[in-house]
Protein chains: 2
Amino acid sequence: MAKDFHGWEAVAVRTVPQGADLRSLRKARGLTLSEVAGELGRSVGWLSQVERDISVPEASELRRLADIFGVPVSLFAAPAARGEEQGRIVRAAARRAIGERTPGLIESLLSPDLTDAFEVIHSTFQPGASRHEPVQRPTAELAMIIEGRLDVWLGPDKFTIARGDAVRVRGEPLRWANPYKSPAVAVWVISPPVY
Amino acid sequence: MAKDFHGWEAVAVRTVPQGADLRSLRKARGLTLSEVAGELGRSVGWLSQVERDISVPEASELRRLADIFGVPVSLFAAPAARGEEQGRIVRAAARRAIGERTPGLIESLLSPDLTDAFEVIHSTFQPGASRHEPVQRPTAELAMIIEGRLDVWLGPDKFTIARGDAVRVRGEPLRWANPYKSPAVAVWVISPPVY
DNA sequence: CCATGAAAATCTTTCGCCATTTTTCATCGG
DNA sequence: CCGATGAAAAATGGCGAAAGATTTTCATGG
């Protein structure tokens, strides 16, 4: 299905299947093909084909899909691995960016796609950054700090975690702050996936 | 239920509930209470109570349980966090050790317990160590290298991954080697849990 | 060639029923 | 008195059928 002839590869568009990701995103939000297709003004059959990499959406449609799912387009636009590595290896330099939903928090995907029972995110918390509004999700999450220190609140309880420490969150309201001088970097596991 | 009076806390025994872990281990292996109870020569009711932290097994029984489940006793014996941190924070120094199943591979648990849909392991691959026999599990796994470099084979394909790179394994046979001079350290996510 | 929309196929949900597993609890023995 | 047992009660899990919803296929028309 991949059209890899002429000069096509050179452009910044993903040339690899991405339909499965779209399907995961849609399912994770409990939407049906017809709901999304309606929103998009396209037919159900077409969207089904897009999710199975039989049809290809236009860039503008991809943008609207990102919008519908509440994810940044960068999630789709990022370059993917090639050859054998495809779907198996995610190089540090080739991670897909996730929007800076909270200022000072830079996230990127360690998972090659969104089709697993969990997803893994690489998170960098900038010095001085913080999130005051607690996030609360119906998920189980576990983060390990690999660099720096971070303050986290689970409900009312505050903890300071440093390199090598892990925190597990199960549906509790979570907020965080990095009042320290250096960035805090974490590997963040979320199940089920929220992206 | 926890008997926290007199001098009890001082001993090296876990004073916190652990029954849920035993239950997870048993369920993960598809065993029933009566199968395990029979093996142990105890009643079903008693084992049910142990798994709900109503009854307490003796050390010798714990040893036999570890044996039945094929896990090292260190999984039970390790000190756990205290107070608010209990079940939420796992400090680097307080991780539960997992046996060195493969020589040169040191693993410890980042998850506070075994009751989630996934488990997260901190793995150190010693220089020169390798696993020749492929492991193949009916799981989805994702590992990110946080230190050093590691060679991995997914089926016939070999990859070298370094700090910041991630590899995803979905049921394929996996083997690895660290032919480099420094240890490779990874955060390893496995779903569903195998411990 | 590609998208549409209707038909076909697949998947999901629900339910009743039965078997198994787990929990509860009165009783027994140390 | 305490904790373990084993039987009764409760809860859970599996299966098959039926209904409903969703997804895929494909003939047709733009």
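This is a predicted model, so every value here is computed, not measured. Protein chains get the first letters and strands the later ones, always in sequence-line order, with residue 1 at the start of each.
- Using a 4.5 Å cut-off between side-chain heavy atoms of Ile, Leu, Val, Met, Phe, Trp and Tyr, B:Val90 forms no hydrophobic cluster with any other residue.
- B:Trp153 meets the side chain to side chain donor-acceptor pair (under 3.5 Å) test with no other residue; sequence neighbours excluded.
- Annotation: the terminal axes of the helix from C:dC1-D:dG30 to C:dG30-D:dC1 meet at 50°, where each axis is the rotation carrying the C1' atoms of four end pairs onto the next four (5 pairs per end, rounded to 10°).
- When hydrophobic residues (I, L, V, M, F, W, Y) are linked wherever their side-chain heavy atoms come within less than 4.5 Å, the members clustered with B:Leu142 are A:Leu110, A:Phe118, A:Val120, A:Leu142, A:Met144, A:Ile146, A:Val185, A:Val187, A:Val189, B:Leu110, B:Phe118, B:Val120, B:Met144, B:Ile146, B:Val185, B:Val187, B:Val189.
- With sequence neighbours left out, the side chain to side chain donor-acceptor pair (under 3.5 Å) criterion links A:Thr32 to A:Ser34, A:Glu35.
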Inset, instruction - Give the B/S/- string for nucleotides 22-30 of chain D, one per nucleotide from 5' to 3', where a protein heavy atom under 4.0 Å of the base yields B, of only the sugar-phosphate yields S, and otherwise -. - result: SSBB-----
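- With sequence neighbours excluded, no residue forms a side chain to side chain donor-acceptor pair (under 3.5 Å) with B:Glu100.
- With sequence neighbours left out, the side chain to side chain donor-acceptor pair (under 3.5 Å) criterion links B:Arg29 to no other residue.
- Among pairs with a residue in residues 166-187 of chain B, those fulfilling salt bridge (charged side-chain N to carboxylate O under 4.0 Å, His left out) read A:Arg88-B:Glu172, A:Asp113-B:Arg168, A:Asp113-B:Arg170, A:Asp116-B:Arg168, A:Asp116-B:Arg170, at least two apart in sequence or across chains.
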